[in-house]
Structures are given as structure tokens and as C-alpha cells.
Visitor: 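Following this message is one structure expressed as C-alpha cells.
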Amino acid sequence: MSTTRPYSPGDRGPEPGDGGLVPGDGGASGTSPSGTSTGRRARRLNFDGASGVVPLARDFARQALYEWGWLPAATADQRAAAEDVLLVVSELVTNACLHAEGPDELWIACDKKVLRLEVSDRGAGQPAPRTPHRAGRPGGHGMFIVQRLCLDWGVIRRTGVAGKTVWAELGVPA
């Protein structure tokens, strides 16, 4: 179910220096600090001037999963969890390409329980699963997939400017 709650239940959001959405903390490499005292690890990718953003985003997410020990997966459940993350990244970035003039940034953060994905764009639209969902029809499955694979997802609106951040959270495999 889509919500507008920007953070997990019980989470008051990022602390200063905790890898939250802070302008200018990514750098040219697209990475941000990989660990904090709270155990949260985060990476950021800026899409300015990039082409082929969907495979770029998947490769970036895959690198983060290797860095954080999700890959190579030791079990089928861990492999499935990593594949779910890559699929959700693909769907969120593709939606930004199709419906919002392309993505601005991908942010991935992980703590002991939750992996959070955020894709920012300049679009004004409101992402939502197409209803009724018709499995046999081409297109329109992106947010349905996100809804089915994630613990939760939602939209954070930018104040004073066009744009939004679409976020999704997946559980960390045991």
C-alpha cells in the first residue's frame, strides 16, 4: 500500500550525518559514507548527464549489495532478496524515466533490518499501481511489482519546487 510516511514505523528519519537526503554529500563517484555509528550504510548516485540510467542504477545497486555482503548470496532466500532489490531499483528508475523526465538521484541505505531505496525526480505525477491490475496487459506493472515486493513504499513531495522522491523499503534477509 502506498503511503506518504517518509520513514519506517518508529524511525524519526535520518540524523544529521546519517546518510539522509542532504544536498551535496554524494560527490562525483556517486557514493556516500558507507557506515555510521548507528550501523546504517548508504550510497548515493547522481544521474546528471548520464545515459542508460536503468542499467547504471542496477549496476550501482549491485555494487552496494556486494559491498554490504548481500552478494554473493549464500542461500536461495538471500539470492532472491538481492534480486528483489535490483528489480525494485529498475522499476523505480524506469518509472522516473517514463513519467517524470528521468531520475535525478538514487539513494540506497541499509541497516540491520531494512534496505531503503529512494529515487528523486522533477516530475509532478503521483505514482500508483494501475487498478485493476491486469497481468496479461503490457505495461503498467511497475508500481504493482514494487507494492508486492516491498514492506512499504511512498512519496515525499519537494516543497516549493516540482519534484518528488519515491521510496521503497525491503526487509534484510536473515
Visitor: Do you know which two heavy atoms are closest between Phe47 and Ala57, and how far apart they sit?
Guide: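 Heavy-atom minimum between the residues: CZ-CB, 3.9 Å.
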Visitor: Test of understanding: clusters of I, L, V, M, F, W, Y form through side-chain heavy atoms closer than 4.5 Å, transitively. Do Tyr66 and Val89 belong to the same one?
Guide: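 As far as the 4.5 Å side-chain criterion goes, Val89 and Tyr66 are connected within one cluster.
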Visitor: Testing Leu92, Leu45, Thr94, Asn95 for side chain to side chain contact (heavy atoms under 4.5 Å, CB included) with Val119, which one passes?
Guide: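 Among the candidates, only Leu92 passes.
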Visitor: To the nearest 0.5 Å, how far apart are CG in Asp121 and CG in Leu106?
Guide: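 Those atoms lie 12.0 Å apart.
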Visitor: Could you check whether any side-chain heavy atom of Ile108 comes within less than 4.5 Å of a side-chain heavy atom of Phe60, counting everything from C-beta outward?
Guide: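 SC-SC contact between Ile108 and Phe60 confirmed.
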Visitor: If you round to the nearest 0.5 Å, how far is CD of Gln147 from CG of Asp152?
Guide: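 Separation between the atoms: 10.0 Å.
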Visitor: Decide yes or no for Leu170 and Leu117: does some side-chain heavy atom of the first lie under 4.5 Å from some side-chain heavy atom of the second?
Guide: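 Of all side-chain heavy-atom pairs linking Leu117 with Leu170, at least one is under 4.5 Å.
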Visitor: Got more than 12 heavy atoms from elsewhere within 6.0 Å of CZ, Arg122?
Guide: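 Counting neighbours around CZ of Arg122, 12 or fewer heavy atoms of other residues, nucleotides or ligands fall under 6.0 Å, so no.
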Visitor: CG of Leu151 to CZ of Arg116: how many Å apart, nearest 0.5 Å?
Guide: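 Atom-to-atom, Leu151:CG and Arg116:CZ are 11.5 Å apart.
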Visitor: Tell me, please, which residues at least two apart from Arg148 pass salt bridge (charged side-chain N to carboxylate O under 4.0 Å, His left out).
Guide: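 If we apply the salt bridge (charged side-chain N to carboxylate O under 4.0 Å, His left out) test to Arg148, skipping adjacent residues, there are no hits.
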Visitor: Please find the pair of heavy atoms, one from Trp70 and one from Cys110, that lie closest to each other, and give the distance.
Guide: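 Here Trp70 and Cys110 meet closest at NE1-SG, 3.9 Å.
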Visitor: Looking at side-chain heavy atoms only, is the closest gap between Arg157 and Gln126 below 4.5 Å?
Guide: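 SC-SC contact between Arg157 and Gln126 confirmed.
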Visitor: Just how far is it from atom CD of Glu83 to atom CZ of Arg62, taken to the nearest 0.5 Å?
Guide: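 The CZ atom of Arg62 is 9.5 Å from CD of Glu83, to the nearest 0.5 Å.
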Visitor: First locate atom OG of Ser120, then atom CD1 of Ile156, and finally report the distance between them rounded to the nearest 0.5 Å.
Guide: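 Answer rounded to 0.5 Å: 8.0 Å.
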Visitor: Measure the spacing between CZ of Arg158 and CG of Asp104 and express it to the nearest 0.5 Å.
Guide: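 So the gap between those two atoms works out to 5.0 Å.
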Visitor: Does Lys164 reach the main-chain N or O of Gly123 with its side chain, forming a donor-acceptor pair under 3.5 Å?
Guide: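 Yes, the answer is positive, given that a donor and an acceptor are paired below the 3.5 Å cut-off.
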Visitor: For the backbone of Ala174 and the side chain of Gln78, can you confirm whether one donor and one acceptor N or O come within less than 3.5 Å of each other?
Guide: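 Between the backbone of Ala174 and the side chain of Gln78 there is a qualifying donor-acceptor contact (under 3.5 Å).
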Visitor: With side-chain contact (heavy atoms from CB on, under 4.5 Å) as the criterion, how do Arg43 and Glu67 come out once you've worked through the C-alpha distance, each side chain's angles and the decisive distance to 0.1 Å?
Guide: CA-CA 10 Å; Arg43 294 188 70 185; Glu67 179 182 319; 3.8 Å; yes
Visitor: On a heavy-atom basis, which atom in Val146 and which in Glu91 lie closest, and how many Å separate them?
Guide: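 Nearest pair, atom of Val146 first, then Glu91: CG2-CB, 4.0 Å.
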Visitor: Do Trp107 and Thr165 have side-chain heavy atoms sitting under 4.5 Å apart?
Guide: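 The answer is no, as the side chains (C-beta and beyond) never meet within the 4.5 Å cut-off.
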Visitor: Can you sort out the partners of Asp77 under salt bridge (charged side-chain N to carboxylate O under 4.0 Å, His left out), two or more places apart, ordered by chain and number?
Guide: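 With sequence neighbours excluded, Asp77 shows a salt bridge (charged side-chain N to carboxylate O under 4.0 Å, His left out) to no residue whatsoever.
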Visitor: Is any side-chain heavy atom of Leu115 less than 4.5 Å from a side-chain heavy atom of Trp68?
Guide: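 Leu115 reaches Trp68 side chain to side chain.
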Visitor: Side chains of Leu65 and Leu86: does their closest heavy-atom pair fall under 4.5 Å?
Guide: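 Yes, side chains in contact.
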